[in-house]
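First the structure, in the form of structure tokens, and then the observations on it.
Below, chain A is the first sequence line, B the second, and so on; all start at residue 1.
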Amino acid sequence: MPELPEVETTRRGIAPSLEGRRVEAVRVFDPRLRWPVPAELAGALAGQRIEAVRRRAKYLLLETAGGTLILHLGMSGSLRVSDPETPRRRHDHLEIRLDSGRCLRLHDPRRFGAALWTREPPAEHPLLAPLGPEPLGEGFDGAYLRRVGRGRRQAIKPFIMNNRIVVGVGNIYANEALFRAGIHPRRAAGRISARRMEALVEAIRAVLAAAIEQGGTTLRDFLREDGQPGYFRQRLEVYERGGEPCPRCTATIRQALIGQRSSYYCPRCQR
DNA sequence: CAACGGACCTGCCTGC
DNA sequence: TGCAGGCAGGTCCGTT
């Protein structure tokens with residue numbers, strides 16, 4: 001479910017309830033996530049004060065003086081701040097009780113998500129260390145993308161979805177950014193001019209920023225931590241619109257599998 | 001190395 | 001109605 005805008009929306013939603021609070025207890029109802037939830041997590045996190053809730057790529061980082069809880073929402077994960085008295089839902093796998101009397105619950109039907117603990121600086125964790133630049137940060141520009149794409153024959157769409165190249169661009173926003181930039185999703189990454197690569201970078205930034213502003217995209221089940229949906233879905237121009245007219249030129253939008261993922265594009269506008 | 005397919009899971013929808 | 005099959009927002013890992 002969540003791409004960068006949904007994770008960032010979640011971060012902004014939960015941070016005010018977490019920052020500055022002390023963890024009173026941690027309960028793991030089902031440790032079978034993508035990797036087993038470490039047995040030491042509950043003991044290590046209990047008693048710690050949450051100093052900051054940060055995001056790196058699609059990872060959420062709950063930082064304390066004793067270590068960092070690394071959370072990933074996978075395809076179907078979500079976080080809710082709730083009253084501990086509220087009955088647990090099916091697929092609520094982890095609960096963190098706070099000294100405010102509230103609790104944070106991780107809900108994840110498909111269990112592709114993760115909850116890990118590290119005492120090292122999180123940037124050095126093996127999962128985070130190899131990640132490419134943040135798309136909305138410094139260090140991500142046309143010159144960079146052109147340089148790392150040089151000589152690559154891989155299609156541009158899976159290329160920008162590779163988190164060693166740039167993080168946070170999932171299937172929805174890859175489709176949308178390529179449409180905005182007028183680039184065909186199958187075009188080889190190494191065969192895009194500097195000018196068009198710059199346009200692609202700007203399109204990625206613009207679509208992610210706009211989606212964050214709208215609270216993310218709710219397709220099926222993504223809900224913000226307050227239970228509200230994100231409103232970016234109505235702004236999607238090609239995603240899940242196969243067979244509809246292109247909003248720019250009225251040609252019929254195509255759907256095809258590229259790199260195993262559903263891809264949507266206008267065969268006339270995108271070259 | 002780059003590129004690709006498989007794997008991990010549940011839920012939901014479609015079509016027979 | 002039941003059941004098989006396909007698909008879903010991610011990404012690691014093993015193989016070519």
Side-chain angles (χ1 to χ4, degrees), chain A residues 1-10 29-37 55-60 70-79 89-94 106-116 125-132 135 147-178 185-191 204 207-208 211-212 214-224 229-236 238-243 255-264:
Chain A
M1 156 230 309
E3 298 188 33
L4 188 147
E6 292 71 44
V7 177
E8 178 61 20
T9 295
T10 299
F29 303 111
D30 190 344
R32 298 172 305 159
L33 299 186
R34 169 150 201 182
W35 297 282
V37 177
R55 178 186 61 73
R56 169 71 173 115
K58 296 174 191 166
Y59 294 93
L60 286 169
I70 301 175
L71 294 174
H72 196 287
L73 302 178
M75 290 275 264
S76 59
S78 60
L79 290 167
R89 293 179 297 166
R90 187 165 146 82
H91 305 305
D92 279 351
H93 305 311
L94 177 71
L106 172 66
H107 178 83
D108 186 4
R110 290 174 75 178
R111 291 191 276 116
F112 286 179
L116 300 169
H125 190 278
L127 287 173
L128 307 210
L131 296 175
R147 177 165 55 77
V148 295
R150 188 172 299 153
R152 298 258 205 149
R153 286 191 243 175
Q154 187 182 29
I156 187 66
K157 180 164 176 271
F159 181 73
I160 58 173
M161 292 176 68
N162 177 347
N163 64 22
R164 287 167 191 249
I165 302 302
V166 59
V167 302
V169 184
N171 200 33
I172 298 177
Y173 301 109
N175 280 298
E176 294 297 311
L178 288 164
R186 278 196 216 276
R187 174 167 285 273
R191 304 204 51 192
I204 289 171
V207 75
L208 293 178
I212 290 170
Q214 296 293 306
T217 298
T218 297
L219 283 182
R220 295 165 188 84
D221 52 8
F222 171 72
L223 293 179
R224 298 158 29 159
Y231 296 109
F232 196 70
R233 184 177 190 176
Q234 57 210 70
R235 307 274 202 91
L236 298 178
V238 291
Y239 190 79
E240 287 195 332
R241 292 191 186 279
Q255 175 176 8
L257 272 191
I258 301 174
Q260 323 289 91
R261 308 300 298 271
S262 268
S263 304
Y264 303 85

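Here A:Arg55 pairs with A:Glu8, A:Glu134 under the salt bridge (charged side-chain N to carboxylate O under 4.0 Å, His left out) rule; sequence neighbours left out. The side chain to side chain contact (heavy atoms under 4.5 Å, CB included) search around A:Pro135 returns A:Leu4, A:Phe140, A:Val166, A:Val167, A:Ile204, A:Leu208, not counting sequence neighbours. Not counting sequence neighbours, the partners of A:Thr10 by the side chain to side chain contact (heavy atoms under 4.5 Å, CB included) test are A:Ile14, A:Leu60, A:Leu73, A:Leu79, A:Phe222. Checked against ring-ring contact (aromatic ring centres under 6.0 Å, His included), A:Tyr59 has the following partners two or more places apart in sequence or in another chain: A:His72. Considering only residues two or more places apart in sequence or on other chains, A:His125 meets the side chain to side chain contact (heavy atoms under 4.5 Å, CB included) condition with A:Ile70, A:Leu116, A:Thr118, A:Leu127, A:Leu128. Not counting sequence neighbours, A:Arg187 has no partner by the salt bridge (charged side-chain N to carboxylate O under 4.0 Å, His left out) test. Partners of A:Arg32 under the salt bridge (charged side-chain N to carboxylate O under 4.0 Å, His left out) rule, at least two apart in sequence or in another chain, are A:Asp30. In terms of the side chain to side chain contact (heavy atoms under 4.5 Å, CB included) criterion, residue partners of A:Glu240 (sequence neighbours excluded) are, by chain and number, A:Leu219, A:Arg220, A:Arg233, A:Tyr264.
If you measure from atom NE2 of A:His125 to atom C1' of C:dT11, you get 15 Å, rounded to the nearest angstrom. Atom-to-atom, OH of A:Tyr264 to P of C:dC7 comes out at 10 Å; the value is rounded to the nearest Å. At whole-Å resolution of the value, CD1 in A:Ile212 and P in C:dG9 are 19 Å apart. Per the geometry, CZ belonging to A:Arg220 stands 7 Å off P belonging to C:dA8, to the nearest Å. Atom CG in A:Asp108 sits about 13 Å away from atom P in C:dG10, given to the nearest Å. In this structure, A:Arg153 places its CZ atom 20 Å from P of C:dT16, rounding to the nearest Å. Atom CZ of A:Arg164 is separated from atom P of C:dG10 by 17 Å (rounded to the nearest Å). Distance, A:Arg233 CZ to C:dG9 P: 12 Å, rounded to whole Å.
No contact: A:Phe159 has no heavy atom under 4.0 Å from any strand. Backbone-only contact: A:Tyr59 has heavy atoms under 4.0 Å from sugar-phosphate atoms and none from a base.
Summarising the geometry, atom CD belonging to A:Gln234 is positioned 10.0 Å from atom OG1 belonging to A:Thr217; distances are rounded to the nearest 0.5 Å.
At C:dG9, none of the side-chain N or O atoms of A:Ser76 fall inside 4.0 Å of OP1 or OP2 (strictly under the cut-off). Look at A:His72 and you won't find any side-chain N or O under 4.0 angstrom from OP1 or OP2 of C:dG10. Close to C:dG9, at under 4.0 Å from its OP1 or OP2, lies a side-chain N or O of A:Arg261.
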Please produce a list of atom pairs where a protein N or O lies less than 3.5 Å from an N or O of nucleotides 3-6 of chain C.
none

Which pairs would a plain distance check flag for residues 147-154 of chain A, meaning a side-chain donor or acceptor within less than 3.5 Å of a matching protein atom at least two apart in sequence or in another chain?
none

Subject >> B/S/- contact track for nucleotides 6-14 of chain B, protein heavy atom under 4.0 Å >> reply: --BBBS---

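In this structure a side-chain-to-backbone donor-acceptor pair under 3.5 Å is missing from A:Asp108 to A:His93.
Between the P atoms of C:dG9 and B:dA3, the separation comes to 22 Å (whole Å). Taking atom P in both B:dC12 and C:dT11, the straight-line distance is 23 Å, to the nearest Å.
A 4.5 Å side-chain heavy-atom check between A:Glu6 and A:Thr218 finds every atom pair outside the cut-off.
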**OP:** Dot-bracket notation for DNA chain B is requested: 5' to 3', Watson-Crick or G-U wobble pairs only, both distances under 3.5 Å, with ( ), [ ], | and . as defined.
**Re:** .|||||||.|||||||

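Among the nucleotides C:dG9, C:dC12, B:dC4, the one closest to the side chain of A:Gln154 is B:dC4.
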